[in-house]
Number of protein chains: 2
Amino acid sequence: MNETEQNKQLEPTKSELEILQVLWEKGPSTVRMVNDELLKQKDVNYTTTLKLMQIMADKNILNRDESQMKHIYSVAEEEQRTKSHLLDKFVDSMYKGSASKLVMQLLGNKKTSDKELQEIKEILKKMEE
Amino acid sequence: MNETEQNKQLEPTKSELEILQVLWEKGPSTVRMVNDELLKQKDVNYTTTLKLMQIMADKNILNRDESQMKHIYSVAEEEQRTKSHLLDKFVDSMYKGSASKLVMQLLGNKKTSDKELQEIKEILKKMEE
DNA sequence: TCAAAGGTAGGAATATTTTCGTACGAAACA
DNA sequence: TGTTTCGTACGAAAATATTCCTACCTTTGA
């Protein structure tokens, strides 16, 4: 593995992201636990989830504890680091890297509630201190 | 086409998004113009871009003016509407719909410059008025 | 003890996305 | 006019991502 490959942040696919979200929410889990969560959102076969998680372990997106028969999977990179990277990519590609443009859109967005807006203001206020 | 299909917002794929970005930036364009822009970022064959744009026209992501030999493609839905939809999806999937969590991450992010930060504050200040 | 339930592994089938070869028509121009 | 350049259309190949079948092992419990 050369340096480029090492440093390249693997982009999770859509399905992989769904699995990451479960693990972020629930912490280290077995395939069964993850699959049960996914079943709440969509129809998915157990072995499909198993396979995906195996692939993710191969790619080092997940770590796997094989000491028990029921393997325990956990995320390899901390949640914030991964999310931060994905957010960066999003801002870069959608707003040419301008975070303020994104915030502007967010604020103009009907779906962003007044409560959210209030919270955003609070955050900024705190940063001033 | 039933109502569900009609209303379903077609998610552009990664490559389709690249093309949308060019069209957002440059306005209605021929395949040649779009391809020339893409070539600045990556290696891509003319017919590949043509094919993608044809597919996008089929999906009604793009409109096509065929009155000239060099067809002119333009985005079918306004830029802000599309971006807003994609941003919503992103916030939903990554931050469980919490816009303030996203902003928090943005502010904690090294890549968000002081200048950006300043601009974000300006926006909020203006909203108060 | 043996059948049922639940686990992993791996390959193959599908579905989706991306790329490009080829054919063929129109325009440009020597 | 002929040939080169530039355009579209279309199908198929290639690359990726997703799904699931099958085999086989371990645990559970009647």
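All chains are named by letter (A, B, ...) in the order of the sequence lines, taking the proteins before the strands, and each is independently numbered beginning at 1.
Side-chain contact between A:L87 and B:Y95 is present, with at least one heavy-atom pair separated by less than 4.5 Å.
Residues satisfying the side-chain contact (heavy atoms from CB on, under 4.5 Å) test with A:K26, not counting sequence neighbours, are A:V22, A:S29, A:E37. Residues satisfying the side-chain hydrogen bond (donor to acceptor under 3.5 Å, both in side chains) criterion with B:R32, sequence neighbours excluded, are absent altogether. Applying the side-chain hydrogen bond (donor to acceptor under 3.5 Å, both in side chains) criterion to B:K14, with sequence neighbours excluded, gives no partner residue. Under the rule for a side-chain hydrogen bond (donor to acceptor under 3.5 Å, both in side chains), the partners of A:K59 that lie at least two apart in sequence or sit in another chain are A:E16. With sequence neighbours excluded, no residue forms a side-chain hydrogen bond (donor to acceptor under 3.5 Å, both in side chains) with A:D36.
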With B for base contact, S for sugar-phosphate-only contact and - for none (protein heavy atoms under 4.0 Å), nucleotides 8-20 of chain C reads BBBB-----SSBB

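Atom C1' of nucleotide D:dT8 and atom CD1 of B:I72 are separated by 14 Å, given to the nearest angstrom. Counting to the nearest Å, the C1' atom of D:dA9 and the CE atom of B:M56 are 18 Å from each other. The separation between B:Q68 atom CD and C:dA27 atom P is 10 Å, rounded to whole Å. When rounded to the nearest whole Å, the span between CG of B:N35 and P of D:dT8 equals 11 Å.
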Under a 3.5 Å cutoff on both atom distances, Watson-Crick or G-U, what's the dot-bracket for DNA chain D ([ ] crossing, | other strand)? ||||||||||||||||||||||||||||||

Please list, one pair per line, the donor and acceptor atoms closer than 3.5 Å that link side chains of residues 41-50 of chain A to other protein atoms, with sequence neighbours excluded.
residue: A:K42; atom: NZ; partner: A:E18; partner atom: OE1; Å: 2.9
residue: A:N45; atom: OD1; partner: A:T47; partner atom: N; Å: 2.9
residue: A:N45; atom: OD1; partner: A:T47; partner atom: OG1; Å: 3.0
residue: A:T49; atom: OG1; partner: A:N35; partner atom: ND2; Å: 2.6

Which donor-acceptor pairs under 3.5 Å do the side chains of residues 97-104 of chain B make with protein atoms, sequence neighbours left out?
residue: B:S98; atom: OG; partner: B:S100; partner atom: OG; Å: 3.3
residue: B:S98; atom: OG; partner: B:K101; partner atom: N; Å: 3.1
residue: B:S100; atom: OG; partner: A:E116; partner atom: OE1; Å: 2.8
residue: B:S100; atom: OG; partner: A:E119; partner atom: OE1; Å: 2.9

